[in-house]
Chemist: 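Here it is: the structure, laid out below.
By convention in this document, chain letters (A, B, ...) are assigned in the order of the sequence lines, proteins followed by strands, and residues within each chain are numbered from 1. The structure displayed is predicted, hence computed values, not measured ones.
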Amino acid sequence: MIPLLFGITFITFSLTKALPGDPVYSIVGERSSPEIIEKIRREIGADKSMFRQYAGYISLLLQGELGRSYYTNRKVADDVGLKFPNTLLLAFAAMVIAVPIGVLLGFIAALHKGRAADRIITMLSVFSISMPVFWSGLLLMLLFSLRLKVLPPSGTGGLQYLVLPAITLSLPALATLIRITRITVLDVIDMQFIRTARAKGLTERAINAIHIMKNALIPVITVIGLEFGSYLNGAVLTETIFGWDGIGRYAMEGIIKRDYPVIMGCLLVGTIIFVIMNLIVDIIYHYADPRVRVHGTDR
Amino acid sequence: MSGLANRAETRRIVLTISFILVLSLAACTSNDRIAGYIHYRINYNPTTLDPALIVDVTGGLIAAKIFNGLVRLNEKLEVMPDLAESWSLSPDATTYTFYLRKDARFSNGRSLSAADVKYSFERILDPGGKSPHTWILDKISGAREFMNGKSDEVSGIRVSGPYTIQLVLERPFSPFLNLLTMTAAYVVPKEDVRKWGDDFGTHPVGSGPFCLTQWKHNNHLLLARNADYFGGIAKNMGIRYRIIPEDLTAITEFELGNLDVISVPASEYRRIKNTVAYENLVASIEGINTYYLGFNCSRPPFDNIRARRAVSSAIDRKRILETFYEGRGRLAHGPIPDILRRWEAPAPPDYDPVTAKKLIDAAGLKGKKIQFYITADPEVVDIAEIVQFYLQSAGLSVTIKQLEWSSYKAAINNGEADMFWISWWADYPDPENFLFPLFHSSNHGPSGNRTRYTNKSVDDLIEAGQKSADMKKRDHYYLLAERAIVEDMPWVFFWHKTDITVRQAALRNYRLYPIYSMDKGLEVSF
């Protein structure tokens, strides 16, 4: 993991520096002399060679620091620490909505393949995957906030603020989960061991719950892991529409202003989260699928 | 039987829980306000509230509520007392003596004195500091030596009594008092700056009518009224600035009554203007700004005045303003906004497609590829496409290059664009603010003159105006400078944008100000 992280810092550093634009012009505002621009450039270390800048960044990281924002002067680590729990909450809530509904609908669609239920569910999934979140988000806001007046349109805080962004964010994952579950269940349904189970006289419910579901779970877990990992890196549009104070908005503001410490901090934390998520998925595989156990004893 | 009863009971419990949940959610929505507080919307999290470092309007308008300068602007855009009760100017127009009021206190309880003014001004000029606003105070004698580390203090800032301070300028500079109304000239307490260090920007302490009590980044800022404010206590309990980046979300919050005033976004202007409920609640003010299309005057093809005239004649600015822009501005006749001009407006060429075509042929521009740089702002993209259409009709080949703000600014500062779209908003209400930074040849690039316009006689006129203490003479120099600029046409002068807001009916004494620093927030109430 350590070499991976070093690789990541190197790639993110190079990519960030390769971006067009100059943060100094945004820091100094609309009117400033070339001397001040040079002074600020020295202040933020932009006058040094790339190698020295990178070495400086690594030494900062080794001290457990992510640096300070060029604009707000606030510590990036502190801000990430404040915003990450919000992002985690939003991502978790979105998955709580998407996973049970998505898996259940996908399962129902597969069991009713070609029939009305399947068609309706497939249509629903196509609809929710094709709807951009800035549109679905605004529609939900119009309905629940402006017309029904039951949920606040924006802000970060308690449960009532969480509902609309969580539903909005869950829609694409919901659609993906419906499709993946449907396909994998259809694959499993025709397999030899299902017919064997039926021949053994097991009830349909037992077959569905134990044999089909368990075997169809592997790709579903992969999707859940990836979607959750990407949500943890922030959902810029959803967070912007609903004024949710998460990592996505923070990173986006950093990118727009070329606030390098913020961009690098977010990328680094995001990568670590992604790596950890993959690790967790691998561990879950281990329990869900005996074939991926490396040190299996029963073979 | 018992199974049925259980099921009915379960259903009842579920229904009750759902009902309570919905009710509690609904209750939360309608209570999304703090009683007695005015609720405003801001688009972005302010970067900092340290007056030395603020470069954004959002930061400036909040800092105006927390801090005070020596002087400020009144509603007629005249300089009026703030921390300074009165002041005098020496006959040679270089020495300003300010007499401070004795009842001003920082919100930490300490009395504010002349030494604080000296500290705050030297902090801006400090060679070890990060303030980009040195240009506001570098006219004071000894400032340059101090900025270069050659002296320990600025010799021209003299504390001559606990409540008297003199500012000695190197040479007369007529807009100087105007400069002192700006955010960077606000007075800060040394002990709090030392205490917080780099974090003073998030823990600001000033002497203004409000104190920052909470800043939940990217969420909201709470300002509570300062009961000890020398200018009297605010008529509201405080101000809540909610950070809402998305326009449609802000409109929804406003329509739910969670915001008291919002700027009307262009996309909603027509709907709100035509909504009966808002009939008397929509207000507008003529902004002190100029929107323009700038030419790169330092290289072909726009180093040629005929090429610039051709483009200017080819665009029907009036029509764009009236149709696409829905009349949300006044047509510009030159760089200086009409409000600040005390002389007859110049007359740039009218829309004349026939002359434009002739000029394009004469300048050998036909079919020439022109790079037109713009930002990613959707409104700007639309305007750029309209301009592109007009210029293509006149025989020019225009490519729109859309860049995100930071790259765009770097590109136009470095002179990469042939033409670009931008606006200039007043820092202070003086014609000089629309001449010196934008057209003086010492300010090419990031200092403001992005067209790289150079005209020695315009330089001389602007400088003469800066040095002249006589208002009439100044106006005459500025009139001549503006005429010469309109003649040379380094810009196509588009319009001065009007600010439009809509407020809730319950809000009283709300008024719009043309410059953000003018609003101290004292009068507005319910």
Chemist: Thinking salt bridges, do B:E404 and A:K257 make one under a 4.0 Å N-O criterion?
Modeler: no

Chemist: Side chains of B:K216 and A:L82, heavy atoms from C-beta outward: is any pair under 4.5 Å?
Modeler: no

Chemist: Sort B:D56 into side chain, backbone, both or neither according to what part of it lies under 4.5 angstrom from a heavy atom of chain A.
Modeler: neither

Chemist: Could you grab the distance from atom CD1 of B:I244 to atom CD1 of A:I241, nearest 0.5 Å is fine?
Modeler: 13.5 Å

Chemist: Please state whether the side chain, the backbone, both or neither of B:F436 comes within less than 4.5 Å of a heavy atom of chain A.
Modeler: side chain

Chemist: If you measure from OH on B:Y44 to CZ on A:R249, what distance do you get to the nearest 0.5 Å?
Modeler: 10.0 Å

Chemist: Drop me the distance from A:D245's CG to B:I243's CD1, to the nearest 0.5 angstrom.
Modeler: 8.0 Å

Chemist: Which answer fits A:I40, side chain, backbone, both or neither, if we ask what part of it has an atom under 4.5 Å from a heavy atom of chain B?
Modeler: side chain

Chemist: Using a cut-off of under 4.5 Å for heavy-atom pairs, which of B:K409, B:M147, B:H220 has the most such pairs with chain A?
Modeler: B:K409

Chemist: Evaluate the criterion salt bridge (Lys or Arg N to Asp or Glu O under 4.0 Å) for residue pair A:K149 and B:E255; output intermediate values, then yes/no.
Modeler: CA-CA 11 Å; A:K149 296 188 174 35; B:E255 296 198 27; over 6 Å; no

Chemist: Could you tell me which of B:A250, B:P127, B:G445 has the largest number of non-hydrogen atom pairs under 4.5 Å with chain A?
Modeler: B:P127

Chemist: Please classify the contact between B:W424 and chain A as side chain, backbone, both or neither, with a heavy-atom cut-off of under 4.5 Å.
Modeler: side chain

Chemist: What's the verdict on salt bridge (Lys or Arg N to Asp or Glu O under 4.0 Å) for B:D199 and A:R68, showing C-alpha distance, side-chain angles and the deciding distance?
Modeler: CA-CA 11 Å; B:D199 293 325; A:R68 277 177 183 263; 3.1 Å; yes

Chemist: Begin with the C-alpha distance, continue with both residues' side-chain angles, and end with the deciding distance and a verdict on side-chain contact (heavy atoms from CB on, under 4.5 Å) for B:R242 and A:S154.
Modeler: CA-CA 10 Å; B:R242 290 190 55 190; A:S154 73; 3.1 Å; yes

Chemist: Rounded to the nearest 0.5 Å, what separation is found between the OG1 atom of A:T72 and the CG atom of B:N45?
Modeler: 8.0 Å

Chemist: Is it the case that more than 12 heavy atoms not belonging to B:R271 sit under 6.0 Å from its CZ atom?
Modeler: yes

Chemist: Report which part of A:K75 has an atom under 4.5 Å of a heavy atom belonging to chain B: side chain, backbone, both, or neither.
Modeler: neither

Chemist: Checking A:I37 against chain B: side chain, backbone, both or neither under 4.5 Å from a heavy atom?
Modeler: side chain

Chemist: Name the region of A:I27, side chain, backbone, both or neither, that has any atom closer than 4.5 Å to a heavy atom of chain B.
Modeler: backbone

Chemist: Supply the atom-to-atom distance B:H133 NE2 to A:I36 CD1, rounded to the nearest 0.5 angstrom.
Modeler: 10.0 Å

Chemist: Heavy-atom pairs under 4.5 Å with chain A - which of B:S442, B:G448, B:S407 has more of them than the others?
Modeler: B:S407

Chemist: I need the minimum non-hydrogen distance between A:S145 and B:L256, along with the two atoms involved.
Modeler: O-CD2, 3.3 Å

Chemist: Looking only at side chains, do B:T48 and A:R74 share a donor and an acceptor under 3.5 Å apart?
Modeler: no

Chemist: Find the distance between CG (B:N219) and OG1 (A:T156) and round it off to the nearest 0.5 Å.
Modeler: 4.5 Å

Chemist: So which part of B:T249 gets closer than 4.5 Å to some heavy atom of chain A, the side chain, the backbone, both or neither?
Modeler: both

Chemist: Please classify the contact of B:D427 with chain A as side chain, backbone, both or neither, using a heavy-atom distance under 4.5 Å.
Modeler: side chain

Chemist: Between B:P245, B:G201, B:S131, which has the largest tally of heavy atom pairs under 4.5 Å with chain A?
Modeler: B:P245

Chemist: For the pair A:K39 and B:K130, evaluate side-chain contact (heavy atoms from CB on, under 4.5 Å) and give the outcome as yes or no after the intermediate values.
Modeler: CA-CA 8 Å; A:K39 185 173 144 187; B:K130 292 180 193 161; over 6 Å; no

Chemist: Using a 4.5 Å cut-off on heavy atoms from C-beta on, say whether the side chain of B:L248 contacts that of A:F134.
Modeler: no

Chemist: Tell me, side chain or backbone of B:D198 under 4.5 Å from chain A's heavy atoms, or both, or neither?
Modeler: both

Chemist: What closest approach, in Å, do A:Y25 and B:P446 show between heavy atoms, and which atom pair accounts for it?
Modeler: CE2-CB, 3.7 Å

Chemist: Run the side-chain contact (heavy atoms from CB on, under 4.5 Å) test on A:I256 and B:S406 for me, step by step, so that the C-alpha distance in whole Å, both residues' side-chain angles and the decisive distance to 0.1 Å come before the verdict.
Modeler: CA-CA 7 Å; A:I256 288 171; B:S406 170; over 6 Å; no

Chemist: Would you say OH of B:Y37 has more than 12 non-hydrogen atoms from neighbouring residues, nucleotides or ligands within 6.0 angstrom?
Modeler: yes

Chemist: Could you check B:L53 against A:N73 for side-chain contact (heavy atoms from CB on, under 4.5 Å), going step by step and ending with a plain yes or no?
Modeler: CA-CA 10 Å; B:L53 302 176; A:N73 239 329; 4.0 Å; yes

